[in-house]
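In what follows, a single structure is set out as structure tokens and then discussed.
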Amino acid sequence: MATEYKGPKYVVVTGGVISGVGKGLTTASIGKILQQYGYSTTAVKIDPYINYDAGTMRPTEHGEVWVTDDGGEIDQDLGNYERFLGLDLPRSNNLTTGQIYLTVIERERRGEYLGETVQPIPHITDEITRRLQEAGAGYDIVLVEIGGIVGDYENEPFLFAVKTLERDLGEEHFAHLLITYLPIPPHVGEMKTKPTQQAIRMLSEHGIFPDFIVCRAETATDEVRKKKIQIGANVPYDHIISAPDSETIYNIPLVLEEERLGEKILSRLGCAPKKTPDWRPWLELVKRSRQPRQCVRVAMVGKYVVTGDFQLTDSYISVNQSLIHAGVASDARVEITWIDGHQFERGEMELTELDAFDGIIVPGAFGAGGAEGVIAAIRYAREHNIPYLGLCYGLQLAVIEYARNVAGITEATSEEFDADSEWKVICVQDTEQKSALEENRYGGSMRLGAYAAVFKSDSRVLQVYEASGRLNEDARRIEQLLANPDQAFRVGLVMLERDKVALERHRHRYEVSPRFVELLEEEGLVFSGYHRRVDGTRLMEFIELPDHRFFIATQAHPEFKSRMDNPSPLFAGFVEAALAYQQEIASHEEGQAAAS
């Protein structure tokens with residue numbers, strides 16, 4: 001007699017026609033919807049590329065690299081999952097072809113297959129299904145997004161594995177969604193369904209027949225187009241879901257729910273709603289994001305902005321989203337202007353143009369290219385009392401700028417820019433990292449994931465975190481890390497009963513050199529937070545200037561912990577300071593006008 005299956009249900013999301021139409025956002029939105037019906041939901045992203053992870057990919061090619069608490073370097077879709085689901089997902093929720101093949105080959109080398117001929121089927125596909133089941137353990141529903149589109153050669157092992165898992169567990173535990181794109185060629189002026197019909201046909205060649213078709217397009221999918229797809233896909237008419245472009249990504253769950261997608265998916269899985277959805281808090285957040293009372297202008301001075309003739313803001317998508325979250329908290333729209341640091345170096349843009357902004361952010365980056373232009377922008381923000389927030393690279397360049405122009409270390413630099421300099425105020429700290437770089441082993445060679453930072457008691461940074469309420473949340477997470485022998489090193493030497501501690505994610509190789517910390521402090525730079533490693537080494541995590549209206553930088557990437565309903569403390573504090581600065585400037589100008 002067969003044992004009754006008691007594991008999670010699976011919602012498998014594939015893409016058709018073209019990539020980049022919002023498959024990850026749709027997957028995240030479906031997860032949010034299913035949570036509203038009372039189901040515990042997690043999400044897995046399958047990336048068919050042979051890279052082991054996204055850590056060595058160029059941001060201009062692949063977009064932002066998302067970092068998990070446990071140090072995974074992941075495709076940016078995992079960030080969408082976390083932002084919508086409110087979860088801290090582990091690195092194991094990302095599968096790549098490289099990971100799967102490496103694991104199988106290592107097992108073969110250890111003789112674990114007992115002399116079998118190791119083949120894509122069943123050994124590769126078995127490893128895929130094992131990981132999917134492991135990721136779903138303890139959840140009601142697992143969302144599985146398969147990257148790329150149907151018809152990509154590299155997707156075939158994953159489609160086969162999903163079909164195998166469905167055969168083993170029972171098709172009643174699976175729902176298949178195809179996210180497709182319906183183009184409207186300008187010379188035709190009509191929405192075309194033929195590419196979608198072809199995508200459905202190619203998916204069926206793998207034995208997968210979609211239960212739902214989610215139609216992405218510039219406009220809503222009309223009845224005529226839905227009927228064409230219905231005939232071509234043999235899918236119920238009401239399972240063809242319109243998903244037009246949305247003003248804000250956070251409106252996507254609401255748009256999908258207009259067609260009762262959540263109820264329909266649960267019905268397909270043989271599940272009943274556990275509770276009645278309450279979208280009121282989410283609706284209020286979306287309303288504030290679309291109809292704010294105020295507007296604040298921010299200059300994002302970075303490096304990974306231009307690719308060919310286009311601006312690629314996906315390189316900093318989490319920073320962008322964090323500013324949206326912080327803006328909603330302050331009832332303000334944040335208008336971002338992306339500025340390539342090279343423009344200041346080449347004289348294509350004057351520093352005085354930064355006067356048009358209410359705040360300046362320097363996000364993460366690597367390498368010397370454009371760095372001098374970014375440093376010039378940081379100096380301008382410091383000297384003109386413009387609110388400044390530095391993230392990772394933004395902290396490192398702020399330390400270099402201060403060392404050069406305030407502390408008198410005129411040749412201050414980073415080991416990343418000049419490894420032979422005697423004045424490396426930023427350098428590699430860990431001997432293992434140095435060895436990895438010398439041997440050209442760049443993958444995974446950075447300080448990755450969540451690390452605890454202890455705050456100075458009277459610092460501005462501590463005030464920002466205390467105002468947010470995040471410290472209690474982080475203290476609970478730190479207790480969990482301490483209970484995990486493999487992750488306890490992330491806490492370092494922390495005395496929870498005495499220290500005020502935050503937990504933020506990191507992705508960098510270079511640190512502030514201990515050799516210069518005391519000198520820089522004597523010259524007025526405040527190191528307002530640090531990580532104490534288990535060997536006693538202190539790594540500087542935060543800097544600030546107490547006499548500046550808002551000049552804060554962090555070695556971390558706080559954008560990875562920001563959520564629509566729980567914005568990052570640093571971004572919230574920065575937006576508040578930018579609004580105050582804007583109002584001060586406006587009052588000053590009104591006073592001058594009245595006087596004249």
Side-chain angles (χ1 to χ4, degrees), residues 7-13 22-44 77-89 93 136 138-145 172-179 210-216 220-221 226 235-291 321 324-325 328-329 473 562-567:
K9 307 282 188 175
Y10 291 85
V11 177
V12 181
V13 180
K23 187 162 75 269
L25 286 168
T26 305
T27 303
S29 298
I30 292 169
K32 180 73 176 178
I33 291 169
L34 295 174
Q35 283 184 335
Q36 281 286 317
Y37 283 94
Y39 284 84
S40 63
T41 307
T42 189
V44 177
D77 281 327
L78 218 72
N80 291 322
Y81 303 163
E82 289 201 12
R83 278 188 282 266
F84 278 74
L85 299 178
L87 299 176
D88 294 326
L89 297 174
N93 280 44
Y139 288 92
D140 296 327
I141 298 175
V142 185
L143 293 158
V144 180
E145 179 193 347
E172 67 272 20
H173 303 300
F174 282 74
H176 290 278
L177 284 86
L178 177 68
I179 314 292
D211 300 295
F212 299 89
I213 310 294
V214 179
C215 301
R216 287 284 297 110
T221 307
K226 283 189 175 185
V235 171
Y237 178 85
D238 66 344
H239 282 202
I240 300 169
I241 309 298
S242 176
D245 288 349
S246 187
E247 184 180 346
T248 168
I249 64 173
Y250 300 104
N251 197 47
I252 297 174
L254 304 175
V255 171
L256 297 177
E257 270 295 78
E258 288 177 2
E259 300 205 34
R260 298 173 38 242
L261 181 58
E263 290 180 23
K264 294 172 183 177
I265 291 175
L266 291 176
S267 177
R268 170 67 186 88
L269 295 172
C271 299
K274 293 184 178 181
K275 69 173 188 177
T276 301
D278 180 7
W279 289 102
R280 287 174 297 179
W282 193 259
L283 278 165
E284 179 59 28
L285 292 172
V286 171
K287 178 183 176 181
R288 291 178 70 176
S289 72
R290 297 170 67 178
Q291 300 173 347
Q321 293 303 311
I324 292 174
H325 304 161
V328 168
E473 175 186 330
S562 186
R563 308 289 183 262
M564 183 72 157
D565 53 358
N566 187 18

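Residues: numbered from 1 along the sequence shown.
In this structure, R563 does not pair ionically with E473, as no charged nitrogen and carboxylate oxygen lie closer than 4.0 Å. With salt bridges taken as basic N to acidic carboxylate O contacts below 4.0 Å, none links R288 and D565.
Of the possible donor and acceptor atoms, none in the side chain of K264 sits under 3.5 Å from a partner among the backbone N and O of F212. At distances below 3.5 Å, not a single donor-acceptor pair connects side-chain atoms of E145 with backbone N or O atoms of A43. Within the 3.5 Å criterion, the main-chain N or O of V286 finds a donor-acceptor partner in the side chain of S289. Panel note: side chain T221, backbone S242; no donor-acceptor pair is recorded below 3.5 Å.
Of the inter-residue distances, the one linking R268 atom CZ with D211 atom CG reads 4.0 Å to the nearest 0.5 angstrom. Taking CG of L85 as the reference point, atom CG of L78 lies at 9.5 Å (rounded to 0.5 Å). Between the CZ atom of R83 and the CG atom of N566 there is a distance of 13.5 Å, given to the nearest 0.5 Å. The line from CG of L177 to CD1 of I265 is 5.0 Å long, rounded to the nearest 0.5 Å. The distance from the CG atom of L25 to the CD1 atom of I30 is 11.0 Å, given to the nearest 0.5 Å. Going from atom CD of E82 over to atom CZ of F84 covers 13.0 Å, rounded to the nearest 0.5 Å.
Counting only heavy atoms from C-beta outward, the side chains of L89 and T42 approach each other to under 4.5 Å. Using a 4.5 Å heavy-atom cutoff, the side chains of V328 and P567 are not in contact. Between H325 and Q321, some side-chain heavy-atom pair lies under the 4.5 Å cut-off. Considering only heavy atoms from C-beta on, V11 stays 4.5 Å or farther from H176 through its side chain. Side-chain contact between T41 and I33 is absent, with no heavy-atom pair separated by less than 4.5 Å. Considering only heavy atoms from C-beta on, Q36 stays 4.5 Å or farther from E257 through its side chain. Proximity of K274 to D140: side-chain heavy atoms (C-beta onward) are separated by under 4.5 Å at one or more points. In this structure, K9 and Y39 have side chains that are not in contact, with every pair of non-hydrogen atoms separated by 4.5 Å or more.
Between L34 and G262, the shortest heavy-atom contact is CD2-O, 4.3 Å. The two residues F174 and L269 come nearest to each other via the heavy atoms C-CD2, 3.6 Å. Across G24 and D77, no two heavy atoms sit closer than the pair CA-OD1, 3.4 Å. Across all their heavy atoms, P244 and V255 have their closest contact at CD-CG1, 4.1 Å.
By the salt bridge (Lys or Arg N to Asp or Glu O under 4.0 Å) test, E258 pairs with no residue at all, sequence neighbours left out.
Every pair tested for side-chain hydrogen bond (donor to acceptor under 3.5 Å, both in side chains) that includes a residue from residues 22-32 fails, sequence neighbours excluded, so the list is empty.
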Query - Derivation and outcome, side-chain contact (heavy atoms from CB on, under 4.5 Å), residues C215 and K226 - result: CA-CA 9 Å; C215 301; K226 283 189 175 185; 5.8 Å; no
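The aromatic rings of Y250 and W282 sit perpendicular, their planes meeting at an angle over 60°, well past the 30° parallel limit.
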